[in-house]
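Everything below concerns the one structure shown next.
Heavy atoms only: backbone and side chains are in, while hydrogens, waters and symmetry mates are out.
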2 protein chains.
Amino acid sequence: MTGRNVIPLEAIKIACQNCSLSALCLPMALTPEDVIRLDSIIKRNRPLHRGDHLYSEGEPFEKLRVVTTGSVKTYSTCDDGSERILGFHLPGELIGLDAIESNHHRCSAKALETTLVCDIPFDQLEKLSHQIPSLQHQLYRLLSREIGHETEILMLLGKKGADERLATFLISLSERFKSRGFSATDFFLSMSRYDIGNYLGLAVETISRIFTRFQEVGLIQVERKHVQLLNLALLKEMADGNHHKSRSHRGCQSK
Amino acid sequence: MTGRNVIPLEAIKIACQNCSLSALCLPMALTPEDVIRLDSIIKRNRPLHRGDHLYSEGEPFEKLRVVTTGSVKTYSTCDDGSERILGFHLPGELIGLDAIESNHHRCSAKALETTLVCDIPFDQLEKLSHQIPSLQHQLYRLLSREIGHETEILMLLGKKGADERLATFLISLSERFKSRGFSATDFFLSMSRYDIGNYLGLAVETISRIFTRFQEVGLIQVERKHVQLLNLALLKEMADGNHHKSRSHRGCQSK
DNA sequence: AGAGTTTATTGATCTTGATCAAGTGTTTGT
DNA sequence: ACAAACACTTGATCAAGATCAATAAACTCT
């Protein structure tokens, strides 16, 4: 709206698309000039292969990352050497926000498949945000959103049974794919069953059994990594636990 | 260091203490003038009683809160009407950061006992942060810290058994009390066993039993709300699971 | 101070999901 | 192409913790 329109809108769109700048600024009012400034600090990288690390726990933190293509898992290593998966990250999602506080990465991140990632040097972003109030606001919002995510985790791991957990997981993937323009009902799991189990706090065997059972009931269709959600509505019900004789939600009363 | 020193350090100290301004600015380099500006937007409130709400889910978000005295629980209400406790908040701790994104509270907060709370209007804080770079940076850090907290939750609920969870909970309280100048080994639980169970994803009965067992083993001394940690070192070991025949950490392998 | 409610403890039993075990199918590397 | 490693599935058994039940103790209210 404001500012001279020397920069054609098309150029901005392309900049956004190319670099998943959109992850950073989707609901944000920026002038074309500001978009260009923002875009100019973002760096493209060469593709990563499966298993490649984006960063490791303890490394100094320099930049945020945006997954452009492919997918990434973040995990932290326990004292006993086993890993705890913290999350899976799909195209358009931002990683590294947890490292700002200490200026060191609190977890490791590795590619689950061939993956493109952009870098956003945080010091430059911070400076820029100090010049552009709406960018500052957007950063506060992004960080806040991440905090709100904790609520869901608590629900998932604290209250839900195994079926509900896996249903919730599938619905979450579905919605995230959908919001990025992919199919909400037909997609590939880039992570192993082990990873899913680890993330959901369940044993691999349990994951496998539930997949099988969900398929038997006609809820989903799984073949290897390929998943189709056949009954999204029912799956959502299951995810919320509003299904079958209102199961008592594993303990945890209150008041 | 910089700026004229018209404002005596004592005054600053008092301002900090009175209002738990410290929650906001502990590791931050501010000029005395900035401290005064920051302090000027913070508002004291009359005391809340047990059960009083600070805010409820869905309410518009206006201000962050700092617990000054007493304690608060945050919780969100499930579809089935039961509540899921998200956290307990002790003196010096900041609440409301999860509400920035949507400008609405994502959870409810209520006082667990007689509690003093200060308000920090967020729009004013945001404006101020735009004028004071170090305050902006500090806000990013505070938000980031909260995100890092999610990791601990995932560890707690995804991997740990009941004993480890309760041990972790006690250690967490202990450290938080300690960092605020209270005793690390002798304190009162302002929340009910139900609340503890709800938070840790365990049934009340389980909490009760573990308290009893921990006491029998000489790990702690509990009487009603009053807890004494008799063997902090061992309790920490338990919390990390580095205890007893290295229990296999309930499923969740990976790789 | 006493009735009623809430909070906590302890025991007995049952369920969910972990663990153990064995086998098949799928990649990966040389 | 082959072997070795890895990923997945299915079945049988086991254990941690939930649920049910019954008190007991501590607050709350008038």
Side-chain angles (χ1 to χ4, degrees), chain A residues 49-51 73 82 112-114 156-167 188-216 220 222-227 238 241 244-255, chain B residues 49-51 73 82 85 112-114 156-167 188-198 200-216 220 222-227 238 241 244-255:
Chain A
H49 301 112
R50 189 151 82 85
K73 74 171 174 184
S82 69
L112 287 166
E113 57 191 311
T114 304
L156 184 69
L157 298 181
K159 283 213 138 152
K160 293 184 178 178
D163 290 9
E164 289 166 75
R165 291 191 201 188
L166 192 56
F188 284 81
L189 300 171
S190 56
M191 68 294 289
S192 70
R193 312 272 141 124
Y194 285 84
D195 281 347
I196 297 174
N198 184 308
Y199 178 65
L200 296 177
L202 298 168
V204 213
E205 293 93 329
T206 305
I207 302 295
S208 189
R209 277 186 250 271
I210 298 176
F211 267 136
T212 307
R213 188 150 36 78
F214 276 6
Q215 177 156 254
E216 281 165 5
I220 63 173
V222 248
E223 175 153 4
R224 195 88 190 136
K225 304 260 176 204
H226 183 202
V227 180
M238 299 223 42
H244 239 197
K245 53 188 126 181
S246 67
R247 9 190 13 263
S248 55
H249 281 300
R250 48 189 6 247
C252 329
Q253 315 93 322
S254 193
K255 181 90 187 245
Chain B
H49 300 112
R50 187 150 82 86
K73 72 171 174 184
S82 69
I85 294 188
L112 287 165
E113 59 191 310
T114 303
L156 184 69
L157 298 182
K159 284 212 135 147
K160 293 186 178 176
D163 290 11
E164 288 164 75
R165 291 190 200 188
L166 193 56
F188 283 81
L189 301 171
S190 56
M191 70 294 289
S192 71
R193 313 273 141 122
Y194 284 84
D195 281 347
I196 297 174
N198 183 308
L200 296 177
L202 298 167
V204 212
E205 294 93 329
T206 306
I207 303 295
S208 189
R209 279 186 249 271
I210 299 176
F211 267 136
T212 308
R213 188 150 37 77
F214 276 7
Q215 177 157 254
E216 281 165 4
I220 62 173
V222 247
E223 175 153 3
R224 195 86 189 139
K225 303 261 176 205
H226 184 203
V227 180
M238 298 223 43
H244 237 196
K245 52 186 124 177
S246 67
R247 14 189 10 261
S248 55
H249 282 299
R250 48 187 7 246
C252 333
Q253 316 91 323
S254 196
K255 183 84 187 260

[N] phosphate, OP1 or OP2: any side-chain N/O from [X] under 4.0 angstrom?
{"X": "B/Lys225", "N": "D/dA26", "result": "no"}
{"X": "A/Ser192", "N": "D/dC6", "result": "no"}
{"X": "A/Thr206", "N": "C/dT16", "result": "no"}
{"X": "B/Ser208", "N": "C/dT10", "result": "no"}

Nearest-angstrom distance from the residue atom [atom1] of [X] to [atom2] of [N]:
{"X": "B/Arg224", "N": "D/dA24", "atom1": "CZ", "atom2": "C1'", "result": "11 Å"}
{"X": "A/Glu223", "N": "C/dG25", "atom1": "CD", "atom2": "P", "result": "13 Å"}
{"X": "A/Glu205", "N": "C/dG17", "atom1": "CD", "atom2": "C1'", "result": "10 Å"}
{"X": "A/Leu202", "N": "D/dA16", "atom1": "CG", "atom2": "C1'", "result": "15 Å"}
{"X": "A/Arg193", "N": "C/dT26", "atom1": "CZ", "atom2": "P", "result": "12 Å"}
{"X": "B/Ile210", "N": "D/dA18", "atom1": "CD1", "atom2": "C1'", "result": "12 Å"}
{"X": "B/Arg213", "N": "D/dA16", "atom1": "CZ", "atom2": "P", "result": "10 Å"}
{"X": "B/Phe211", "N": "C/dT10", "atom1": "CZ", "atom2": "C1'", "result": "16 Å"}

Flag for A/Lys73-A/Ser190: side-chain donor and acceptor within less than 3.5 Å: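 No pair is found: no donor N or O on one side chain lies under 3.5 Å from an acceptor on the other.
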Pair A/Ser192-A/Lys225, side-chain donor/acceptor within less than 3.5 Å: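 There is no such pair (donor and acceptor under 3.5 Å, judged by atom type) between the side chains of A/Ser192 and A/Lys225.
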Side chain of A/Tyr194 (C-beta onward), nearest among D/dA7, C/dA8, D/dG17: D/dA7
Nucleotide nearest B/Ala203 when distance is taken to its side chain, options C/dT10, D/dT19, D/dC8: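 The nucleotide sitting nearest to the side chain is D/dT19.
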Could you tell me whether a side-chain N or O of [X] sits under 3.5 Å from a main-chain N or O of [Y], the two making a donor and an acceptor?
{"X": "A/Arg193", "Y": "A/Ile207", "result": "no"}
{"X": "A/Thr212", "Y": "A/Ser208", "result": "yes"}
{"X": "A/Glu113", "Y": "A/Arg50", "result": "no"}

hbond_proxy A/Arg209 side chain to C/dT19 base (donor-acceptor, 3.5 Å cutoff): yes
Touch class at under 4.0 angstrom, heavy-atom based, for B/Arg50 against every strand present: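 Here B/Arg50 touches the backbone only, sparing every base.
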